Every structure is written in C-alpha cells, then in structure tokens.
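Right, one structure below, let's go through it.
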Amino acid sequence: MEEKVRTRFAPSPTGFMHIGNLRTCLYAYLFAKQHGGDFVLRIEDTDRERYVEGAIDVIYRTLKTAGIEHDEGPDKDKGYGPYVQSERKAIYMEYAKKLVELGGAYYCFCSKERLASLGGDNEAGVHKYDKHCLSLSKEEVEAKLAAGEPFVIRQNVPTEGVSEYDDLVFGHISVPNADMEDNILIKSDGMPTYNFANVVDDHLMKINYVIRGVEYLSSTPKYNLMYDAFGWERPHYMHLSPIMKDAQRKLSKRYGDANFEDFLAKGYLPEAIVNYIALLGWSPKNNDEKMTMQDLIDQFSVDGISKSPSIFDETKMRWLNGRYIKELTPAQFVEKARPFLDASAINGKYDYEKIAKLLIPRVETFGEIAEKVEPLASFGEYDPAMFEHKKMKITLPIALTSLTACREVLPSIEDWTDETLKARLNDLAAELGVKTGQVFLPLRLAITGAATTPGGATEMAELFGKEESLKRLDFSIDLLKKALAE
RNA sequence: GGCUCCAUGGUCAAGCGGUCAAGACAUCGCCCUUUCACGGCGGUAACCCGGGUUCGAUUCCCGGUGGAGUCACCA
C-alpha cells in the first residue's frame with residue numbers, strides 16, 4: 001500500500017519571504033496536494049543569531065495571501081509537534097546521543113583555535129576536520145563531559161567509498177565519502193544544526209518527499225548516512241534549481257529585489273505572482289500559461305521541472321499580471337486597486353468604477369495607475385498647437401469648426417453616456433461631411449487638454465459629466481479662437 | 001581549487017535518434033483606431049565547441065568551455 005505523501009516547507013525566520021523560497025514552498029504544496037497528501041509548515045530557527053522578530057508572521061501572511069494552505073504547522077498541531085525547532089531542542093540531543101551510540105556520530109572537544117590551525121591546507125583555503133576526537137576513548141569522553149568541557153557532536157562520515165541516491169529531478173547522484181566532512185550536528189550551545197535537525201524532524205514528522213533547493217543536492221548523501229545509521233527509511237528527494245537575478249547572480253533577499261510582499265506593493269495580484277513563479281523552472285504539458293492554483297495542482301509533474309537555473313523576468317510576470325487584471329470586473333478592480341486609486345492624483349474624484357473600466361485594458365500592474373490617471377487630474381492652459389494633426393488632416397480652423405458644432409449639439413443630450421455621445425457625434429461627423437476622427441479627436445483634446453489620455457473623447461466626457469465637459473469645451477473654444485486671432 | 005550538477009532564440013521553455021527545432025514574454029512591421037492602450041495578423045531570432053557511436057545526432061558517450069551549487073558551531 002502506498003504511503004500517504006507528506007511534504008514540508010521549512011523556512012528559517014530571517015526576514016522576508018523571497019520568490020525563490022516561495023517557489024520551493026509552492027512546489028512542495030502542489031506535490032502534496034496532487035497526491036492527496038499533507039503539506040507541513042515547520043519553522044527552522046535553530047540559529048538564534050539570525051532570528052528576526054516578526055519574520056514568522058511574514059511567513060504566515062505570505063502563505064495565506066499566496067493561497068497556500070498548510071495542513072500542519074505551529075498553529076495547527078496534528079500530533080507531530082512542536083513544529084518550531086527551537087522548541088525541540090531536547091529531542092535532537094536525545095537522538096544525537098543515540099547516534100553516538102550507534103557509531104554514526106561522536107563527541108568533539110576541539111577548540112576554535114585548533115580548528116583554525118587546520119585551515120589553509122589547499123588552494124581554496126578550505127580545511128576539513130581531521131576526526132581528531134574520534135579516537136577519544138569512552139572513558140576520556142565521559143571524563144571531559146563530567147568536567148563540563150564544552151563540546152559539539154559531529155557526524156562520523158566514512159573516509160572511503162561512495163554514497164549514492166536517486167533524486168527525482170536530477171537523477172542519480174553519487175558523492176565520494178572522502179569529500180564529505182564530519183559536520184557538526186549539535187552545536188556547543190546545545191542546538192542542532194540544519195544538518196541534523198532536518199533529518200530528525202523529517203523522520204519524526206513522517207516527511208517522505210523532501211523538496212528543497214539544489215544547495216542540498218550534494219550534502220544529501222550525508223543525511224542519508226544518518227537515516228541509514230538510525231535504521232530509518234530514506235525519503236525521496238526533489239531538488240530545485242535556483243531562480244537567478246541574471247546569469248551570474250542568484251535572486252536573494254540580499255539584493256532586496258525579490259520579496260513577495262514588495263511585488264504586492266507594486267500592484268501585482270498574488271495569483272499572478274504564484275502563477276508566474278510556478279512556471280519558472282517548471283512547464284506544463286500543454287501551452288496554457290495562465291493557470292489557477294487548482295490547475296497547478298492537477299498538472300504539476302516532476303518531469304516538467306527543469307534542472308538548470310532560471311532567470312527571473314519581471315517583464316513576463318507583468319504581462320501575466322495584465323492578463324489577470326483584464327479578467328477583473330470594474331467592481332473587482334476597484335476593490336483590489338483602491339489603495340492605488342486613493343494614492344493617485346484623482347483621489348476620490350470621479351466614479352472609480354468608470355475609471356476602472358478605462359484602466360483595465362491599460363495597466364499591467366496597479367502601480368501604473370498613478371501615471372495613467374495623471375492627465376485626468378487637472379485641466380487648464382495648454383498649447384493649442386496640439387489640435388493640429390497631419391494624418392487626420394486637422395488644422396486649427398477645422399478643429400474650431402468641429403468644436404463649435406459639438407458645442408451646439410451637446411447641450412441637448414440628456415443621456416450623458418459614452419454610447420449615446422458616440423452615436424450623436426458619429427451623426428454629427430456625417431452631417432458636417434467630415435471623417436469621424438475630425439470630430440472626436442479635437443473634442444477629446446478640448447475637454448482633457450492632454451495629448452494622451454486613458455480613453456477616447458466620449459469616454460472622457462462621460463467621466464467628467466455634462467456640466468464639466470461643456471465648461472471645458474467653452475474654455476478650449478476660447479483658447480482656440482485666441483490662437484487663431486494672432 | 002576539490003566535489004556535485006547543469007547547458008535549445010535576449011528571457012521562460014517544448015523536444016526525449018529522423019521535426020521546415022513548438023509555444024509564451026520581449027522586440028520589429030502591418031491592420032484596427034478619436035490619443036494611449038486592448039485586440040488581430042505577420043517577421044527577426046536558438047540547439048556552446050570538438051571528437052566519437054549511428055544510415056542519421058539538438059537528442060546517446062567522452063573531452064573542452066561556460067554557468068550553478070557545495071566544501072561553516074548558516075540554513
């Protein structure tokens with residue numbers, strides 16, 4: 001019988017949640033859900049020096065808005081807790097001692113100084129621990145322990161042979177044992193290192209599919225050695241290539257350029273971000289790129305995961321975000337973009353839903369709202385030369401004729417909407433015997449005073465309302481007359 | 001530097017011995033058009049190099065080159 005799939009996301013609370021981390025989390029979630037399994041959240045805070053206050057809240061918040069729901073975690077204990085490593089200290093020590101008894105680890109009392117003297121013995125200046133304390137007899141160890149000497153516990157890695165395993169995405173991996181160091185499992189402060197904690201926790205929490213970054217690809221044999229020493233069943237592994245900022249640099253929080261919440265602040269929709277990062281390093285069988293979380297769960301597959309690093313392309317994410325925005329109704333747009341609308345120059349002015357209708361096909365992120373809406377915020381003196389339009393064959397006199405005709409016709413219109421206005425203006429163009437553009441273009445310019453606007457003449461007119469539109473029209477006709485008189 | 005891994009257009013990527021080497025983003029051109037957009041149509045653009053294996057290599061093997069990861073009392 002197949003074992004229930006259990007995956008986990010195990011971030012360390014060191015600050016913000018960056019995109020690479022989120023993608024790892026997403027894949028672990030997708031894999032678990034696809035197989036009807038459990039997705040566990042575990043907090044790896046064994047390094048108290050890197051701990052950042054509030055970081056755990058960021059993790060919860062990110063998961064929630066990204067639409068990733070964990071089945072278990074510090075806030076949902078299903079019997080495998082605690083799910084925060086700092087609260088499991090005693091557990092690690094217990095298992096470390098067990099591993100020592102089993103011969104898979106040993107106590108080490110070497111001083112920092114002695115360790116430092118081991119360094120620099122090759123070109124890269126890399127040193128390897130010499131297993132000095134492995135030769136200590138049981139009595140010597142007991143004596144040192146009794147004397148209260150500070151100690152660490154190291155893994156005892158064989159010096160010969162090769163360790164191998166099969167990775168779900170990278171295939172067969174084999175590493176010479178001689179290249180692996182006797183890493184520290186328990187630090188002198190009694191806390192475990194990642195090397196040890198992840199093995200113990202994954203086993204105790206019954207994690208059978210370990211999904212994480214490639215940085216662990218070559219150290220995984222060491223973890224397997226521990227599973228073997230304990231007599232535990234090894235989990236399946238799925239390592240993921242990094243997301244890069246460019247060909248050389250990895251995307252990281254160090255550059256402060258890839259935090260999930262930063263993208264939210266720039267006006268990206270969480271669904272779009274999740275959709276985009278799912279596609280970075282994985283591709284579906286078909287060519288549909290816009291996918292919901294459910295689509296992702298259904299279609300996720302290990303063989304679609306790529307082995308090489310992928311460069312993060314914000315331009316493409318913008319495009320995808322634009323597609324999501326285009327599917328929003330004006331009401332939904334307003335709901336989601338309200339903070340951006342309020343922060344723009346039109347704050348509170350005009351009907352937001354009407355603005356939304358104009359903005360939906362014109363912005364790819366909410367962050368672009370401010371600039372799009374800027375020309376609508378004010379009206380005043382402008383250069384009448386703007387009315388000249390070669391391609392449309394519009395000169396200042398022609399513009400004046402059109403505007404004057406508009407001024408006569410418009411006041412009688414009761415239903416001041418885009419559709420009605422458009423119909424009437426089309427008729428007007430026919431009556432005047434001119435191209436429609438020769439009426440619409442001058443009118444748009446006349447009531448907006450701006451060369452480019454997010455919408456046409458009649459849309460702008462509807463937005464401003466009848467009274468304001470006519471007022472502006474009068475202003476522009478005067479401006480044009482003055483210009484022609486000179 | 002040792003070890004592990006990777007290598008298709010500018011970017012994300014299909015491909016898994018025989019294809020005119022998909023698709024998407026970006027870019028360019030045209031159409032639509034009342035500006036800006038949306039939309040539609042079309043174009044430019046790729047198998048890192050050198051050896052093998054094979055009737056035939058982007059695909060398999062080896063070497064080179066390039067890139068990533070790792071070599072911590074960080075994860």
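Throughout, a chain's letter reflects where its sequence line sits, starting with A, and its residues are numbered from 1. The model shown is predicted, which means the values in this text are computed figures rather than measured ones. The analysis underlying the following values was restricted to heavy atoms, covering all of them including side chains, and did not include hydrogens, waters or symmetry mates.
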message: On the side chain of A/Lys316, is there an atom forming a donor-acceptor pair with the base of B/rA24 - under 3.5 Å, no angle test?
response: yes
query: How far does the P atom of B/rA46 sit from the matching atom of B/rG9, given to the nearest Å?
result: 9 Å
message: Between B/rC31 and B/rA37, how far apart are the two C1' atoms, rounded to whole Å?
response: 16 Å
query: With a 4.5 Å heavy-atom cut-off, do A/Arg212 and A/Arg8 have their side chains touching?
result: yes
field: Whole-Å gap separating C1' (B/rC12) and CG (A/Leu280)
entry: 7 Å
task: Go ahead and name the base partner of B/rA26; Watson-Crick or wobble counts if both distances stay under 3.5 Å, otherwise write none.
output: none
- prompt: Considering Watson-Crick and G-U wobble pairs with both distances under 3.5 Å, what does B/rA57 pair with?
  reply: none
message: Using atom P in both nucleotides, what's the gap between B/rC48 and B/rC55 to the nearest angstrom?
response: 25 Å
query: Can you tell me how far P of B/rC36 sits from CE of A/Met460, to the nearest Å?
result: 14 Å
field: Within 45° cone of A/Phe464 ring axis and under 6.0 Å: A/Arg472 NZ or CZ
entry: yes
- prompt: Across all strands, who's sitting opposite B/rG50 as a Watson-Crick or G-U wobble pair, both distances under 3.5 Å?
  reply: B/rC62
field: For B/rA68, the Watson-Crick or wobble partner whose two distances fall under 3.5 Å
entry: B/rU4
B/rA7 to B/rG63 separation - P atoms, rounded to the nearest Å: 16 Å
field: Complement of B/rU19, any strand, by Watson-Crick or G-U distances under 3.5 angstrom
entry: none
query: Taking the side chain from A/Ser469 and the backbone from A/Ala461, do they hold a donor-acceptor pair closer than 3.5 Å?
result: yes
query: Any side-chain donor paired with an acceptor under 3.5 Å for A/Thr292 and A/Asp295?
result: yes
- prompt: If we ignore angles and hydrogens, is there a donor and acceptor under 3.5 Å between the side chains of A/Lys222 and A/Asn195?
  reply: no
- request: Please figure out whether A/Lys372 or A/Ile173 has its closest RNA chain B nucleotide nearer the 5' end.
  value: A/Ile173
query: B/rC73 phosphate, OP1 or OP2: any side-chain N/O from A/Thr193 under 4.0 angstrom?
result: no
field: Gap in Å between the two C1' atoms, one belonging to B/rG43 and one to B/rC36, rounded
entry: 25 Å
message: Let's test your reading of the model: under 3.5 Å, does the base of B/rC73 pair with the side chain of A/Ser188 as donor and acceptor?
response: yes
Nucleotide B/rG39, atom P - distance to CD of A/Glu327 in whole Å: 12 Å
- request: Kindly label the base of B/rC38 as syn or anti, based on whether its glycosidic torsion lies within 90° of 0.
  value: syn
field: Whole-angstrom distance between B/rU19 and B/rU58, as gauged at atom C1'
entry: 11 Å
- request: Sort out the partner of B/rC73 for me: Watson-Crick or G-U wobble, both distances under 3.5 Å, none otherwise.
  value: none
field: Closest-nucleotide 5' rank along RNA chain B - winner of A/Ala450 and A/Ala10
entry: A/Ala450
message: For A/Tyr223 together with A/Tyr237, are the ring centres under 6.0 Å from each other?
response: no
Under 3.5 Å on both distances, the Watson-Crick or G-U partner of B/rA45: none
message: Work out how far the C1' atom of B/rG2 is from that of B/rC60, and round it to whole angstrom.
response: 28 Å
message: For B/rU34, is there a stacking contact with A/Phe440, counting only centres under 5.5 Å and planes under 30°?
response: yes
task: Could you tell me the separation between the NE2 atom of A/His18 and the P atom of B/rA75, rounded to a whole number of Å?
output: 15 Å
query: Is B/rG9 paired to anything, Watson-Crick or G-U wobble with both distances less than 3.5 Å, and if yes, which nucleotide?
result: none
query: Looking only at atom P, what distance separates B/rA45 and B/rG10, rounded to whole Å?
result: 11 Å
